[in-house]
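Structure, as C-alpha cells:
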Amino acid sequence: MSTTLVIVESPSKAKKIQGYLGSGYTVHASLGHIRDLPSTKAEIPEKYASEAWARLGVHVSDGFKPIYIVPAGKKKVVSELRALVKKADRVLLATDPDREGEAIAWHLVAALGLKSGFERMTFHEITKEAIQAAAQHTRPIDYALVGAQESRRIIDRLLGYGVSPLLWNSISSGLSAGRVQSAALAALAHREQARMAHVSAPYWRVTAQIGNQKLFTATVLGVSGQRLATPKDFDPATGQLKTDALVLTAEQAGQLVTFLKARPVTVLSTECVPYSTKSPAPFTTSTLQQEASKALKLSPKQSMDLAQKLYEGGHITYMRTDSPSLSDEATAAARAVAVAAFGQGAVPSNPRTYAAKAKNAQEAHEAIRPSGKVFKAPETTGLASDELALYDLIYRRTVASQMLDLTGMKTTLILKAGAVQLGAIGRTVTEPGFTRLYQDVQEGEGEESQVLPDVQQGAALPVRDAKAEEKKTPAPGRFTEASLVRALEKVGVGRPSTYASILSTLDHRGYTRVVKRQLTVTWLGLLVSAYLAQACADLVDVQFTAHMEAELDQIAEGALKREAYLTRFWSEGFARTIAQAPQRAPSVPVPRVPGAVVTVRAGEVILVMNGRTAPLPVDLVPDELTPEVAADLLVGKAPPKRPAAKRSTAPRKKSGKTSSTRATRKKSTT
DNA sequence: CAGTGAGCGAGCTTCCGCTTGACTT
C-alpha cells in the first residue's frame with residue numbers, strides 16, 4: 001500500500017488535516033522553520049569556523065552564499081521526518097502559502113535529502129473539500145519565491161550582525177540593532193523627544209449648560225467675531241500662539257461666565273447631517289492585540305498566549321494572520337448568529353467581505369474567528385476567565401463584522417449671547433447596527449454623544465449654568481505596546497508572528513520600559529537611537545522595509561536577480577556605511593536642562609553637566625530628568641523613589657555562559 | 001607556604017521569522 005507524507009507547519013493543523021485525508025496519508029508538523037543561519041559562534045560548522053566571513057553566516061564575496069544548519073532544538077523533528085520519509089513514497093510539502101512557507105518547503109527538501117517524488121501543496125482554508133482538492137492539485141516549489149525569502153533572511157542577518165557590533169564599540173556590549181527593532185525604537189524615541197520638547201500653553205475653555213428641560217453643553221467658540229484659541233492654535237515647540245485666535249486671561253474668562261449666566265442664548269443656526277460608522281473588520285493579529293489591550297487590558301504577549309490556548313483547544317482559527325477575510329462558511333455562521341439574536345434585518349442583504357489593507361500582507365490564513373461552521377456561543381464553550389473574555393471578544397467582533405453599519409444624525413447648533421458665539425454638537429442613533437453587539441472602547445465620548453433638543457432658528461434658550469476651565473495643551477501621548485504594533489504594521493514593519501517578540505526584545509535590551517501600560521523609552525534607548533540615526537540613517541528610516549519589500553517582490557517575480565540586489569544593498573551600500581561609522585559614544589541633549597547632556601562611559605549611562613558627571617538610574621524615564629533631578633544627581637543624591645517598573649528578566653542572560661565558564665575553570669585547574 | 005583578592009585579558013554578545021513546548025519565576 002502506498003503512503004503519502006504530508007508536512008505542515010503546525011501540529012493542530014496536522015491533526016485536522018489527517019482527519020480529512022484519511023488512510024494512505026501521514027500528516028506531520030515541521031514546527032516552523034527547520035534550518036537557519038548559525039546564530040552563535042558555537043553553531044558555525046567546523047569547516048568554516050576559521051573563516052572571517054563565517055561570523056555572519058553568509059559568504060558575501062561568494063555570491064552571498066548562506067550557511068544553513070539545523071539548530072539544536074530542531075534536530076528531533078528533522079529526524080522524525082526523515083524516518084517518515086523512508087516509509088513514504090511521495091511527500092507533499094503543505095507549509096503555509098506565503099514566502100516563509102515556500103522557504104520552509106525548500107529547506108525540508110534539502111534537510112530531508114529528497115531527490116524526487118515531492119510536490120508543493122497549498123490551501124487557504126481547512127475544510128475537507130479544500131484539503132482534498134489541494135492534495136490533488138499540487139505544484140512544484142517556486143524557487144523564485146524561495147529566493148526572495150533567502151534575500152530577506154540575508155539582509156536581516158547582515159544588518160543585524162553588521163550593525164550591532166557598532167553599538168558594542170560605541171555604547172555597551174551585548175546591545176542590538178536590526179531592521180525591525182531599530183525602526184520601532186526610532187518611532188518611540190521620536191515620540192519621546194517630541195514630548196520632552198513640548199511646551200504646553202494654558203488656555204481657557206468656557207462652557208454653558210443650556211436648555212428648558214434636558215440640558216446640553218455648549219462651548220464658547222468666539223467673542224465679537226474673534227475665535228477662541230484651542231490647542232491647535234499653539235506652537236508645540238514654544239507654547240506660543242501661532243494664529244490670531246483669542247487667548248483669554250483668567251479675569252476675562254470669569255467675566256465671560258458672569259455674562260453668560262445673566263441672559264438667554266438665541267439659536268443662530270441648526271444643522272443636521274447623517275453620519276455612519278462602518279462595522280469593524282474581523283480580527284487580524286494586530287487588531288486583536290489592540291482591542292484586547294483596550295477592552296481587556298491585556299498586553300500583546302498575554303493576548304497571544306491566550307489565543308494560542310484557544311487555538312489549540314479548537315475554539316478559534318489560527319491567531320497569527322494579517323488577513324481580515326472570512327471564509328464563506330464563517331461568513332454564513334456569523335450572519336446566522338446575528339439573525340438569531342437580532343432578526344433578519346440585522347445583516348445587510350449582501351454579505352460583507354474584507355481585504356487586507358496592511359502593507360506587505362501575505363494573507364496565508366483567514367481572520368481570527370470562532371472555529372467551525374457554527375459558532376459556539378461564549379457561554380457554551382466551557383471556557384473561563386481571561387480565555388473566555390478573549391473568546392467572547394473574538395466572537396462578538398466576528399459577528400459584528402457582518403452586521404449593519406451604525407447610522408445616525410449629527411446635529412450642530414450655533415448660538416449667540418450678545419457678542420459671544422457658542423456651539424454644541426449632538427448625535428442621535430437611528431440604526432445601532434453592529435453596536436448592539438460590539439462597542440468600541442472609545443475615548444473622546446461625552447459631549448459629542450449628547451442629544452440636542454429640536455429647536456428652530458431664532459429661538460431663545462435659558463442658560464442654567466456656565467463655567468470656565470483652565471486647560472493646558474497636551475504633549476503628544478506615549479505609545480502603548482499595542483499602539484506601537486499598530487504603527488509598525490501600518491508601515492509594514494514586522495509580521496504577525498513577531499509583533500509580541502519585538503516588544504520583548506526592546507525590553508530585554510533595556511531600551512524600553514512599560515510604566516502603567518505606557519511604553520516609555522529609556523535614556524539607553526535614546527542613545528542607541530541617536531547613534532543609529534547618525535551612523536546608519538537608512539536603518540531607522542520607516543520606509544526602509546517598504547522599499548525592501550518592493551525589491552523582494554521583484555525577486556519573487558523573477559524580474560530581479562538576488563545577487564544583484566544584495567550587492568547593491570550591501571557591498572555598495574551598508575557595508576560601506578558600517579565601515580565609516582563613528583566609534584565614539586553618542587550623546588543627547590536634555591531638553592529641559594540647558595547645558596546638560598546624557599552620554600555613556602564604560603558601558604554606563606551618565607549625565608554630564610558643568611564639567612561634572614553622575615550615573616543615571618536605569619529606571620529614570622527621560623522626561624523625569626528635570627533641572628531639580630539633575631542637580632540632585634550631580635551632588636550624589638538619589639532621585640525620589642517610585643514603584644519600580646518591573647523588568648521581565650535580569651539583563652542579558654547569556655546562553656554561551658555555561659560553556660565559557662567551563663572553559664575558564666578548565667584553564668585555571670591546569 | 002597557603003589562601004585570598006585585585007587586575008588583566010580572552011571570548012562572546014547580535015538579526016528576523018516560522019512553529020511549540022520545556023524551562024524557570
Side-chain angles (χ1 to χ4, degrees), chain A residues 7-14 28-44 55-58 66 71-74 76-77 95-96 98-105 107-108 149-169 171-184 304-305 308-309 311-312 318-322 360 362 364-365 488 493-502 505 508-509 528 539 545 548 552 574 603 646-664 667-668:
Chain A
I7 306 176
V8 297
E9 292 182 43
S10 143
S12 353
K13 230 189 213 181
H28 205 81
S30 77
L31 308 179
H33 275 286
I34 46 118
R35 294 204 309 178
D36 193 13
L37 304 173
S39 80
T40 60
K41 227 165 213 179
E43 285 188 337
I44 298 172
R55 187 186 73 80
L56 295 170
V58 178
K74 290 297 167 70
K76 190 176 155 214
V77 78
T95 47
D96 293 350
D98 57 18
R99 192 165 68 205
E100 295 294 327
E102 203 71 18
I104 294 173
H107 278 298
L108 284 165
Q149 190 277 345
E150 283 197 279
S151 305
R152 197 280 304 156
R153 181 68 190 90
I154 291 168
I155 282 172
D156 283 332
R157 168 51 64 86
L158 293 176
L159 278 181
Y161 280 30
V163 176
S164 296
L166 296 176
L167 300 177
W168 308 341
N169 264 333
I171 300 179
S172 176
S173 180
L175 299 181
S176 66
R179 173 176 59 84
V180 169
Q181 61 171 288
S182 298
M304 293 312 284
D305 287 351
Q308 176 86 33
K309 282 189 188 147
Y311 169 66
E312 285 170 7
Y318 198 59
M319 62 283 156
R320 290 185 276 265
T321 176
D322 53 20
N360 157 29
Q362 311 221 352
H365 306 274
L488 294 177
V493 172
R495 300 281 311 136
S497 65
T498 61
Y499 293 139
S501 60
I502 295 165
T505 297
H508 277 84
R509 298 282 171 270
V528 167
L539 185 65
T545 293
M548 178 192 80
L552 294 180
F574 265 99
K646 266 184 212 137
R647 201 168 161 179
S648 47
T649 49
R652 264 165 253 135
K653 264 193 200 158
K654 284 174 190 168
S655 54
K657 202 161 193 173
T658 36
S659 66
S660 80
T661 39
R662 209 183 301 136
T664 330
K667 218 180 269 170
S668 58

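Throughout, a chain's letter reflects where its sequence line sits, starting with A, and its residues are numbered from 1.
At the heavy-atom level, A:Gly494 lies under 4.0 Å from the strands shown only through sugar-phosphate atoms. Among the protein residues, A:Gln181 comes within range of the sugar-phosphate backbone only, with heavy atoms under 4.0 Å from sugar or phosphate atoms but none that close to a base. If you check every strand for non-hydrogen atoms under 4.0 Å, A:Tyr499 touches nothing. Across all strands, A:Ser30 comes closer than 4.0 Å to no nucleic acid atom at all (heavy-atom distances). Within 4.0 Å of A:Arg55, counting heavy atoms only, lies at least one base atom of the nucleic acid. Within 4.0 Å of A:Ala42, counting heavy atoms only, lies no atom of the nucleic acid at all. Among the protein residues, A:Gly32 comes within range of the nucleic acid bases, having at least one heavy atom under 4.0 Å from a base atom. Among the protein residues, A:Pro11 comes within range of the sugar-phosphate backbone only, with heavy atoms under 4.0 Å from sugar or phosphate atoms but none that close to a base. Heavy atoms of A:Asp96 sit under 4.0 angstrom from primed sugar atoms or phosphate atoms, though from no base atom.
Note that CG of A:Leu167 is 7.5 Å distant from OG of A:Ser182, once rounded to the nearest 0.5 Å.
Within 3.5 Å, a donor on the side chain of A:Arg153 pairs with an acceptor on the base of B:dC15, or the reverse. No N or O donor and acceptor, one from the side chain of A:Ser10 and one from the base of B:dT19, sit under 3.5 Å apart. Under 3.5 Å, the side chain of A:Arg152 and the base of B:dC16 form at least one donor-acceptor pair of N or O atoms.
The side chain of A:Arg157 contributes no N or O atom lying less than 4.0 Å from OP1 or OP2 of B:dG17. One finds a side-chain N or O of A:Thr498 lying less than 4.0 angstrom from the OP1 or OP2 phosphate oxygen of B:dG17. At the phosphate of B:dC18, OP1 or OP2 sits under 4.0 Å from a side-chain N or O atom of A:Ser497.
Within the 4.5 Å cutoff, the side chain of A:Leu552 has heavy atoms near those of the A:Arg99 side chain. A:Ser30 has its side chain within reach of A:Ile7: a pair of non-hydrogen atoms, C-beta onward, lies under 4.5 Å apart. Put simply, the side chain of A:Leu159 reaches to within 4.5 Å of the side chain of A:Phe574, judged on heavy atoms. Inter-residue side-chain proximity for A:Pro66 and A:Ile154 is flagged as met; some heavy-atom pair is nearer than 4.5 Å. Annotation: side chain of A:Asp96 is in contact with side chain of A:Lys13 (closest heavy-atom distance under 4.5 Å).
B:dG17 atom P lies 12 Å from atom CG of A:Asp322, rounded to whole Å. Counting to the nearest Å, the P atom of B:dC18 and the CD atom of A:Gln149 are 9 Å from each other. One atom, CZ of A:Arg35, and another, P of B:dG17, lie 20 Å apart when rounded to the nearest Å. We find that CZ of A:Arg495 is positioned 10 Å from P of B:dT19, with the value rounded to whole Å. Taking atom CZ of residue A:Arg179 and atom P of nucleotide B:dG17, one finds them 5 Å apart after rounding to whole Å. Nucleotide B:dC16 holds its C1' atom 13 Å from the CZ atom of A:Arg509, rounded to whole Å. Between the NZ atom of A:Lys74 and the P atom of B:dC18 there is a distance of 12 Å, given to the nearest Å. The distance between atom CD of A:Glu312 and atom C1' of B:dT19, rounded to the nearest whole Å, is 11 Å.
At a threshold of 4.0 Å, the pair A:Asp36-A:Lys74 does not count as salt-bridged, since none of the basic side-chain nitrogens sits closer than that to a carboxylate oxygen. Using a cutoff of 4.0 Å between basic side-chain nitrogens and carboxylate oxygens, A:Arg152 and A:Glu100 are scored as salt-bridged.
Between A:His365 and A:Tyr318, the ring planes are tilted. Angles from 30° to 60° get that label.
In the set B:dT13, B:dT19, B:dT14, the nucleotide with an atom closest to the side chain of A:Tyr161 is B:dT14. In the set B:dT20, B:dC16, B:dT19, B:dC16 carries the atom at the smallest distance from any side-chain atom of A:Asp156. Of the candidates B:dT14, B:dT19, B:dT13, the closest approach to any side-chain atom of A:Ser173 belongs to B:dT13.
For the pair A:Leu37 and A:Ile34, both in contact range of DNA chain B, the more 5′-proximal nearest nucleotide belongs to A:Leu37. Nearest-nucleotide positions on DNA chain B for A:Val180 and A:Trp168 put A:Trp168 closer to the 5' end.
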If pairs are Watson-Crick or G-U with both distances under 3.5 Å, what is the dot-bracket string of DNA chain B, marking crossing pairs with [ ] and pairs to another strand with |? .........................
